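As the structure lists them, so they are numbered: ligands from 1, and atoms in each ligand from 1. Just so we're clear, the structure is a prediction, and the values are computed from it rather than from any experiment.
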Amino acid sequence: MHSLQQQLQQQQQSDADNIKVVVRLRPLFPHEQSKGAAEVAHVSEDYSSLKVVVPGPAGATMQKEFSFHACLGPETSQADVMALCGIQQLLDAALAGYHVTIFAYGQTGSGKTHTMSGKEDIISDDAYNGHEHDGIISRAVHYLFQQVHTRKDAKYSLKASYLEIYNEGVYDLVHFNPKAKSLPVKWDASYGFYVQGLKVVPCSQQRTMMEVIRTGMKHRKVGSHRLNMESSRSHAIMTIYCDATPTDPNSYDFGTIRYGKLSFVDLAGSERVKDSMSEGTMLKETININKSLSALGKVISTLAEHDAAGTTAHVPYRDSKLTKLLMDSLGGSALTLMIACCSPSSLQVEETLSTLSYATRAKNIHNRPTVQYDPREAQSSLLRREIELLRQENGLLREQLRAGGAASGSAYNSLPTTPKVAQLAGEPSVLGIPQQMGSPGSSVASSPIAGLAAPGALSSSPVPHAADEQAAAAGMARANSTGGLAPHSASTEQQLRASLNELDLRSNAARHAAGVSSSGSPINNSELLRRLRETQALLVKFSEENGRLARDNEKLQAGRNVLSAEHATVLDEIDLLRGKLSQLERNVLTAAAMATTTNGSQPQAQQQQQAPGSAAAQGAAGGVAGGGLINIQALLASLGLGGDVAADLPAVGVGPQGAEMGGPGQDWSGTADAEFSLRPSMQMPSGSSSSSPAAAAAEISPGRSVLVSPGGSSRLGMKSRSNLSSASSPGPSSIATAAKSIINRTPLRPSNADTVSFGASQQLEVYSQLPSSATSTSSAINRPLPFKPQDKAAGFLARKDGQQQQQQQRPAAARSPPPRG
Ligand SMILES: Nc1ncnc2c1ncn2[C@@H]1O[C@H](COP(=O)(O)OP(=O)(O)OP(=O)(O)O)[C@@H](O)[C@H]1O
């Protein structure tokens, strides 16, 4: 049994919104056995399915299997039914504000009344105090009163009504008058179908409600036919209204009445006239019973078919009084349990199969269980929620603006202030909703029926108000539509509905704050109107404020766009400069190559006499060629980088090639603006025939890279123009890099290694070093070269895979002083 309970719970959670269907097999009676009946229906061991042995052609048999939320065998006791059908959860749901319907369906004599009401004679006993044969209704009443007397979370008020649908007429079974006319079934856009004039009995005591049940059962039409000695000739609906006013101020719906309802529907059984042998009045009853059950079957089929297919269709609720009053339970907002009662007898196998077929279809019906509130309160709650949402949205916008303002500096500060929002946010609303109402977060998940009810089942579905008891009574079905609610877009409405519960807390607290009675009594119309007007005024204010914030936001956005455009322009300029730098580098390399060649044949003095800065590229190259001096300014000018940039540049010189590698004893004194050292293990590019770094550099084709990074164990000095005479010649690519550094106005520091893409397998590495003072430079350049001059070409280029090793050497190498002459 325990596993069945678990199974039920799992199923309830998996298809929480669908109608739950449980099948109950009654025992095979001795009088049936005596007529040769055999048991043809058997419940599986795990209670999830049942098999029916169906007679086939020529005496053969076949088995049909059906599965349901639970299948209860003949041995199942009345107490087990309560537990295995999850009745207690449904009762808790009703106390939490849901509409719950439990209905028994099945052929005549299959045990519907036994399941719902138990043994009538027991209940009829004045000394009744509970019995093992009690059905669901009396057990439910007992549980409900037990709960309402012990629960402290809400003030509960229970009421009851009992009606029957007999020959398509509706009759009050409590205030019974045999001569009374049928009560009219009316439609209300907000409330759905309801029985006008049905009396609802307030029941503060359990015995009062039991009296209602007893009276109702006594007045219900019962007849005797061949299939059932006490056959119900009508459909009976016993309704318990559970109004709950939460009393805990910390509760999410403090003070807002929840209108839960429990409907116990004991249907008249279908019967075949030839089997029941009904005649006369009973025949008429049988025809009407079958007619209304047929209408019920159509509703179930239509709903099941379309819910399974995800389509909508006209559901023929209006075809009978029964289906009108069950409208809320089938495809509506109620939690519904159908108990399909069956006989195991082989003599009734066709009826059993028919019942199981209906029950199978009913499984597919999808309901939307919702907590029920008064529609007028729901309406004002929706408005309050809307205000709250607007308030939150405004707060969020302000936060975003603040964040945006911080990012864009003065732009935000120049925005117009929004005193109204600040004012509104800081004070209670017109409705008196305090700001410290607490954050939303209440949800039905915390309700006792979380496992049964659909998540997000909170809703403002309107239900009859307590003041309209007469209209509200007797299984008044609610329309599927959300009649009476303010028009909203579907998503907004959904959102608002989803938060309704928590906001009804606000409703009550608002009433407190506004000094309005919070006794739970209905709000009168003028008060409601006044509040609605105030709400509307507040909404107008908020929408104005929203508009203002949106405009401010647009201004900020425009400011951001300008900044982005400027940023993009700067990036473009950088790209342009990079391109020009590459060009400059190539020019320098070419010039250096020429200088190498020229320096070999010209006297040093003559080289130094060549004035730097002869125009354009020719000047640059000529400077090198003429005196070993590269005029960066001239080069930049030749590249179109004149003006400010070129004016800032120091001239950088290339010394005679002989001094380039800074051989021992060479004079490196003076202030260096930047120094570059070459790695000793560098290799020439394949196919290179150059014998010097400059020549090697000259062979570097465009697009190859120069890596500038700190350290290096061999050095080339790059000196400022003033120290040119004493400087050793740096590698030409070092000059190019220095030029780049100057153009970018960033000093070459050991940390700012730079790489210009160079090639896949080889790269030229030049390590930069910018001494912090002349003294350190001076001491640095007095160190000996760690490699011989003949290694210099080999040291110029290095494979990339040698880089790691070199990097490890760098700190020591950086500290190594270059040689002094
Ligand atoms: N599970 C059961 N265990 C014991 N007796 C049962 C069980 N189910 C039904 N009965 C008995 O079977 C008889 C018929 O049951 P019941 O009146 O509940 O059927 P019904 O479906 O309500 O029929 P009808 O539609 O004609 O009113 C009753 O005497 C009842 O006590």
message: Counting only nitrogen or oxygen atoms and a 3.5 angstrom limit, does Gly111 reach ligand 1?
response: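 Yes, since at least one N or O of Gly111 sits under 3.5 Å from an N or O of ligand 1.
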
message: So, regarding His114 and ligand 1 (criterion: nitrogen or oxygen to nitrogen or oxygen, under 3.5 Å), is there a contact or not?
response: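 Yes - when backbone and side-chain N and O of His114 are compared with those of ligand 1, one distance drops under 3.5 Å.
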
Going by the order shown, which atoms of ligand 1 are within less than 4.0 Å of some heavy atom of [X]?
{"X": "Ser110", "answer": "19 (O), 20 (P), 21 (O)"}
{"X": "Gln107", "answer": "21 (O)"}
{"X": "Ser231", "answer": "24 (P), 26 (O), 27 (O)"}

- prompt: Quick one: which of Lys112, Glu75, His133 has a heavy atom closest to atom 20 (P) of ligand 1?
  reply: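 Looking at heavy atoms only, the winner is Lys112.
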
field: Heavy-atom nearest option to atom 23 (O) of ligand 1, drawn from Gly135, Gly109, Ser232, Gly269
entry: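 The option holding the nearest heavy atom is Gly109.
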
- request: For ligand 1, indicate whether the residue Ala104 contacts it via side chain, backbone, both or neither (heavy-atom separation under 4.0 Å).
  value: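 Looking at Ala104 and ligand 1, no heavy atom falls under 4.0 Å.
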
- prompt: Taking heavy atoms and a distance under 4.0 Å, where does Arg24 meet ligand 1: side chain, backbone, both or neither?
  reply: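 For Arg24, the contact with ligand 1 is made by the side chain alone.
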
message: Can a side-chain donor-acceptor contact be found between Thr76 and Arg24 if the only test is distance below 3.5 angstrom?
response: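 Per modelled atom types, Arg24 and Thr76 side chains form no pair under 3.5 Å.
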
message: Under a plain distance cut-off of 3.5 Å, with no hydrogens placed, do Ser110 and Tyr105 share a side-chain donor-acceptor pair?
response: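 Distance-only check fails for Tyr105 and Ser110.
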
field: Student check: side-chain heavy atoms of Ser234 and Arg220 closer than 4.5 Å
entry: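 Counting from C-beta outward, Ser234 and Arg220 do come under 4.5 Å.
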
field: Side chain proximity check, Phe145 to Met210, heavy atoms < 4.5 angstrom
entry: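 Phe145 vs Met210: side chains apart.
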
Within-shell test, Gly106 vs ligand 1, heavy atom, strictly < 4.0 Å: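 No, that is not the case, since the closest heavy atom of the residue is not under 4.0 Å from the ligand.
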
- prompt: Going by heavy atoms, is Met116 under 4.0 Å from ligand 1?
  reply: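 So Met116 does not count as touching ligand 1.
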
task: Take atom CD of Gln33 as the centre, draw a 6.0 Å sphere, and report whether it contains more than 12 heavy atoms from other residues, nucleotides or ligands.
output: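 Check passes, neighbour count above 12.
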
query: Tell me, which pairs form a ring pair (Phe, Tyr, Trp, His ring centres under 6.0 Å) where one or both residues lie in residues 318-350, sequence neighbours left out?
result: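 Residue pairs with at least one partner in residues 318-350: there are none.
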
message: Out of the candidates Ile240, Asp243, Thr239, only one should pair with Lys261 under the side chain to side chain contact (heavy atoms under 4.5 Å, CB included) rule; please name it.
response: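 The residue from Ile240, Asp243, Thr239 that satisfies side chain to side chain contact (heavy atoms under 4.5 Å, CB included) with Lys261 turns out to be Thr239.
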
task: Mind jotting down which residue pairs meet the side chain to side chain donor-acceptor pair (under 3.5 Å) criterion with at least one end in residues 165-176? Sequence neighbours excluded, please.
output: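 Of all non-adjacent pairs touching residues 165-176, those that pass side chain to side chain donor-acceptor pair (under 3.5 Å) are Tyr166-Glu285, Asn167-Asn288.
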
